[in-house]
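In what follows, a structure is listed as structure tokens, so that the remarks can point back to it.
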Amino acid sequence: MRTSGTFVCLFNGPAFCLFLWIIQHAAESLLLSAPEVVKATNRGSVKVPCQYDLQYKKNTKYWCRGKIYEFCRIVVKTPKNRSTNRTFIADDKEAGVFSVTMTSIRQSDEDKYWCVIATPGRNIFTGVSLLVSQAVTTPTTSTQITPIQDEKSSWVTLRWILFILMLCSLASTHIAEWRIKTARKI
């Protein structure tokens with residue numbers, strides 16, 4: 001029994017495309033993670049940790065600014081241009097974390113920023129929103145994130161579940177095709 005590629009695409013097309021998109025973004029979130037939001041005070045400073053998988057320790061990392069990643073402007077990057085007047089980047093290759101420190105923060109610095117790992121093909125990136133307040137609190141804010149290793153064990157379980165769901169989807173497609181062919185013969 002032969003399965004038509006067109007039939008599978010029409011039968012499972014939108015759901016399958018959504019499924020692949022979810023898998024891709026779930027995998028990328030395991031490769032690079034950072035806090036979604038960081039808060040700082042006017043004239044204060046903030047340190048943002050961007051944790052990455054150790055397979056990328058030799059890659060260039062950078063901090064980029066802009067609402068949309070594809071149009072963002074690089075603020076600072078490794079290994080060259082380690083700092084600008086108010087922004088510094090340091091890469092701890094053994095720990096798998098590059099940290100961006102912004103000092104003398106102004107209200108105009110409030111924006112969307114991106115932790116980025118340069119890779120052949122499409123870069124790996126994750127967004128960080130910087131919120132600047134006028135309130136007087138501690139001038140330095142450091143944000144901690146959970147280790148990637150803990151997330152990997154969850155990912156392994158999730159991959160098996162997704163694999164089983166894909167097999168069930170394939171089986172249901174073949175059953176549906178068989179039913180359609182059987183109904184046409186009657």
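Count residues from 1 along the sequence.
- In this structure K58 satisfies the salt bridge (charged side-chain N to carboxylate O under 4.0 Å, His left out) test with no other residue, sequence neighbours excluded.
- One distance of note links CZ of R65 with OG1 of T87; it measures 9.0 Å at 0.5 Å rounding.
- Side-chain contact annotation: N123 with Y62, donor-acceptor N/O pair under 3.5 Å present.
- Partners of K93 by salt bridge (charged side-chain N to carboxylate O under 4.0 Å, His left out), not counting sequence neighbours, listed by chain and number: D91.
- Between the side chain of E110 and the backbone N or O of V132, at least one donor-acceptor pair lies under 3.5 Å.
- Evaluation of the ring-ring contact (aromatic ring centres under 6.0 Å, His included) rule for Y113 yields W63 as partners, not counting sequence neighbours.
- Counting only residues at least two apart or on different chains, the side chain to side chain donor-acceptor pair (under 3.5 Å) pairs with a member in residues 97-109 are R86-D109, Q107-Q134.
- Remark: the backbone N or O of L165 is not paired with any side-chain donor or acceptor of S169 at under 3.5 angstrom.
- In this structure, N59 contributes its side chain and A118 its backbone to a donor-acceptor pair below 3.5 Å.
- For the salt bridge (charged side-chain N to carboxylate O under 4.0 Å, His left out) test, residues two or more places apart in sequence or in another chain that qualify with E70 are R122.
- With contacts defined as side-chain heavy-atom distances shorter than 4.5 Å, the pair N42/S133 does not qualify.
- Here the straight-line distance linking atom CD of Q55 with atom CG of L31 works out to 6.0 Å at 0.5 Å rounding.
- Atom CZ of F98 and atom SG of C50 lie 4.0 Å apart (nearest 0.5 Å).
- The distance from atom CD1 of I175 to atom CD1 of I180, rounded to the nearest 0.5 Å, is 12.5 Å.
- The salt bridge (charged side-chain N to carboxylate O under 4.0 Å, His left out) check on D92 picks up nothing, with sequence neighbours excluded.
- Between the CD1 atom in I89 and the OG1 atom in T60 there is a gap of 9.5 Å [rounded to 0.5 Å].
- When the options D53, I124, V116 are evaluated for a side-chain contact (heavy atoms from CB on, under 4.5 Å) with L32, the one that passes is I124.
- Taking the ring centre of Y52 as origin, the terminal cationic atom of K57 falls outside the region bounded by 6.0 Å and 45° from the ring axis.
- Aromatic ring pairs are classed by plane angle as parallel below 30°, tilted from 30° to 60° and perpendicular above 60°; the pair F125 and Y69 is parallel.
- Side chains of K67 and D111 form a contact here, defined as non-hydrogen atoms less than 4.5 Å apart.
- Residues P35 and V48 are in side-chain contact: their nearest non-hydrogen atoms beyond the backbone lie under 4.5 Å apart.
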